Number of protein chains: 2
Amino acid sequence: MSTAQGARARARIEVTATIKDEARRQLAAEGAAKLSLRAVARELGMVSSALYRYFASRDDLLTALIIDAYDSLGESAEHAHAALAQARPMERWVTVCEAARGWALAHPHEYALIYGSPIPGYTAPQATVPAASRVGLLLIGITRDAHRGPGLTGPALADELRPEAERIAADLAPDLPPETATALVAAWAQLFGLIGFELFGQFNRVVEDRERFFRHAVTQLARGVGLD
Amino acid sequence: MSTAQGARARARIEVTATIKDEARRQLAAEGAAKLSLRAVARELGMVSSALYRYFASRDDLLTALIIDAYDSLGESAEHAHAALAQARPMERWVTVCEAARGWALAHPHEYALIYGSPIPGYTAPQATVPAASRVGLLLIGITRDAHRGPGLTGPALADELRPEAERIAADLAPDLPPETATALVAAWAQLFGLIGFELFGQFNRVVEDRERFFRHAVTQLARGVGLD
DNA sequence: CACAAACGAGAGCACCGCTCTTGCTCCGAC
DNA sequence: GTCGGAGCAAGAGCGGTGCTCTCGTTTGTG
């Protein structure tokens, strides 16, 4: 169904990919703000209006790039994780975090696109959700594995937070204690806080040996969700 | 020296402030991407070229807004903190964090400007540094107070991180143990990770009761730096 | 084979940041 | 007190942007 779909459909897919590639090139080179449909078209030898056959608007193109970026990051993390699926959860956790950081450092503008500020009138399209979850799912899986054996839970929960914590656990990982699930979500956000601060220059003149600092910080994060 | 500086200088200051106000209005309404010099000028009844007497470029205007935003956030946090300067460090810590979150929720676009992705060809101007440090200084002060009495330190430091940790401590707070100073820097980044995730929609369909979740998470952050 | 859908090209609209030139106005030094 | 220079607003204009509309052409299908 997907292969012999006629030359037209195939051409369309190919052109779409070419446009995204060139757009990604410009994104990496200059950042999202300077990504210009006209420049993409120019570089591809088309006229700008022709691009609108493939993407309804500049924001649409950007959205496509966002999804690709989430997927690229997710794939990178999954790949790193797969290489040591048998290791201790703590090692796997640190590895996934380091893969995310490595990807972010290698693709700063794409990282900014997905974890930086929402650009236009925002409201992230629903279509991005699955791609966006991949790193999170990895962390959930690792934590779940770690909790298979001993039953140590996270820090005590205030009464007022308990309903929410139970809801989070039920949604994310029903087999995890609410304390752990909550700590996990927090760790997830905090991980990207660390990466963002490094990437966006907030650590300038503060943290020098960022690699080691990061490793230490995410290790602590892991301890917070019960790994060791 | 600042009052009777001649009508010309005074007018210049006033016009500059008016421009920033209108720019801030547009920033709050539409986001940084749609902040247009021409629109600001139009709204002010000037012609666009006249604005260039006051700001050398759009990026210059944005930089001025960034500094103001840092100051606004810092002032908001300092104000909240001052109200309970006598309380226990933990309470003060949580209060400062909540003030930062509150400010961010109230000024999402300004928050995105300072803690989101760097917009233009980036490289945050050096002039932003003092304003940007205010929340961090608050957290350092609280932690320092907490460590005045008992001598409990943070989590053990791997040997490989020790030199960096000692450097961080020496730079930031020489009277704090390196373990604590390192944890503090991490907590600082993680705090804004939490705020950013909530603000930029990453918590949609994940965390519902964000207020309580946040309070819990920053309490844990505080524990990580030795408060209780 | 014919017809409709998909497509590329081009012109054009409204907007953008920024520059340059032109006069006016006000301030301060003489 | 005057007069020149600095500061200022205005306008026109340049090259760029996203996006729309129209117009032939290609192309796959009923």
Side-chain angles (χ1 to χ4, degrees), chain A residues 1-20 22-23 25-27 29-66 113 118-122 125, chain B residues 1-20 22-23 25-27 29-66 113 118-122 125:
Chain A
M1 188 190 191
S2 84
T3 109
Q5 190 63 359
R8 196 131 216 184
R10 192 160 29 219
R12 184 174 179 79
I13 291 175
E14 197 161 314
V15 173
T16 305
T18 308
I19 293 172
K20 284 207 292 189
E22 176 58 29
R25 243 185 36 75
Q26 295 194 13
L27 174 64
E30 300 272 17
K34 304 209 170 173
L35 200 180
S36 139
L37 275 189
R38 292 182 107 113
V40 170
R42 206 179 304 131
E43 207 68 23
L44 263 43
M46 318 177 142
V47 84
S48 74
S49 59
L51 277 193
Y52 286 83
R53 301 266 175 214
Y54 300 90
F55 296 94
S57 71
R58 180 182 181 277
D59 281 1
D60 259 49
L61 213 197
L62 234 23
T63 300
L65 293 183
I66 288 177
L113 202 56
I119 312 194
Y122 74 126
Chain B
M1 189 188 192
S2 84
T3 109
Q5 190 63 1
R8 199 127 214 187
R10 192 159 28 218
R12 184 176 179 80
I13 291 174
E14 198 161 313
V15 174
T16 305
T18 308
I19 294 172
K20 283 207 292 190
E22 176 58 29
R25 243 186 33 77
Q26 294 196 13
L27 174 63
E30 299 272 17
K34 304 209 172 173
L35 200 180
S36 137
L37 276 189
R38 290 180 110 113
V40 170
R42 205 181 304 129
E43 207 68 23
L44 262 42
M46 321 175 141
V47 84
S48 74
S49 58
L51 278 194
Y52 286 84
R53 299 261 170 217
Y54 300 90
F55 295 94
S57 72
R58 181 182 180 276
D59 282 1
D60 259 48
L61 213 197
L62 233 25
T63 301
L65 293 183
I66 288 178
L113 202 56
I119 311 190
Y122 73 127

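Everything numeric here is computed off the predicted structure, so don't read it as measured data.
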Sugar-phosphate only, base, or nothing, as touched by Leu44(B) at under 4.0 Å among non-hydrogen atoms: nothing
Phosphate-side-chain proximity, Arg38(B) and dC15(C), N/O vs OP1/OP2 below 4.0 Å: no
Interatomic distance, Leu113(B) atom CG to Leu27(B) atom CG [nearest 0.5 angstrom]: 5.5 Å
For atom CZ of Arg10(B) and atom P of dC26(C), their distance in whole Å: 15 Å
Asp59(A) CG - dG18(D) P separation (whole Å): 10 Å
From CA spacing to verdict: side chain to side chain contact (heavy atoms under 4.5 Å, CB included), Asp60(B), Tyr54(B): CA-CA 9 Å; Asp60(B) 259 48; Tyr54(B) 300 90; over 6 Å; no
N/O donor-acceptor pair, side chain Ser57(B) with base dG17(C), under 3.5 angstrom: no
Spacing of Thr63(B) atom OG1 and Phe55(B) atom CZ [to the nearest 0.5 Å]: 10.0 Å
Separation of atom CE in Met46(B) from atom C1' in dC8(D), rounded to whole Å: 10 Å
Arg58(A) side chain, from C-beta outward: closest of dA9(D), dG8(C), dC19(D): dC19(D)
Nearest-nucleotide comparison on DNA chain D, the residue closer to the 5′ end among Ser36(A) and Ala56(A): Ser36(A)
Touch class at under 4.0 angstrom, heavy-atom based, for Phe55(B) against every strand present: nothing
Spacing of Lys34(A) atom NZ relative to dG18(D) atom C1', expressed in whole Å: 17 Å
Arg42(B) vs dC16(C): side-chain N/O to OP1/OP2 distance below 4.0 Å: yes
Residue list, side chain to side chain contact (heavy atoms under 4.5 Å, CB included) with Ser36(B), at least two apart or on another chain: Arg38(B), Ala39(B)
Intermediate values then yes/no, side chain to side chain contact (heavy atoms under 4.5 Å, CB included), Glu22(B) and Thr18(B): CA-CA 6 Å; Glu22(B) 176 58 29; Thr18(B) 308; 5.7 Å; no
Partner set under salt bridge (Lys or Arg N to Asp or Glu O under 4.0 Å) for Arg53(A), not counting sequence neighbours: none
Rounded distance in Å - CG (Leu51(A)) to P (dG8(C)): 9 Å
Atom pair distance, as rounded to whole Å: CD1 in Ile19(A) and P in dC7(C): 10 Å
Separation of dC19(D) P from Tyr54(A) OH (nearest whole Å): 18 Å
Step-by-step side chain to side chain contact (heavy atoms under 4.5 Å, CB included) determination, Val40(B) to Leu35(B): CA-CA 8 Å; Val40(B) 170; Leu35(B) 200 180; 4.0 Å; yes
Under 4.0 angstrom between Ser49(A) side-chain N/O and dA9(C) OP1 or OP2: no
side-chain N/O Tyr52(A) vs dC21(D) OP1/OP2, d < 4.0 Å: no
Protein-nucleotide distance (Leu62(B), atom CG; dC16(C), atom C1'), rounded to Å: 15 Å
Between protein and nucleotides 3-6 of chain C, what N or O pairs are separated by less than 3.5 Å?
unit_1: dA6(C); atom_1: N3; unit_2: Arg8(A); atom_2: NH2; d: 3.3

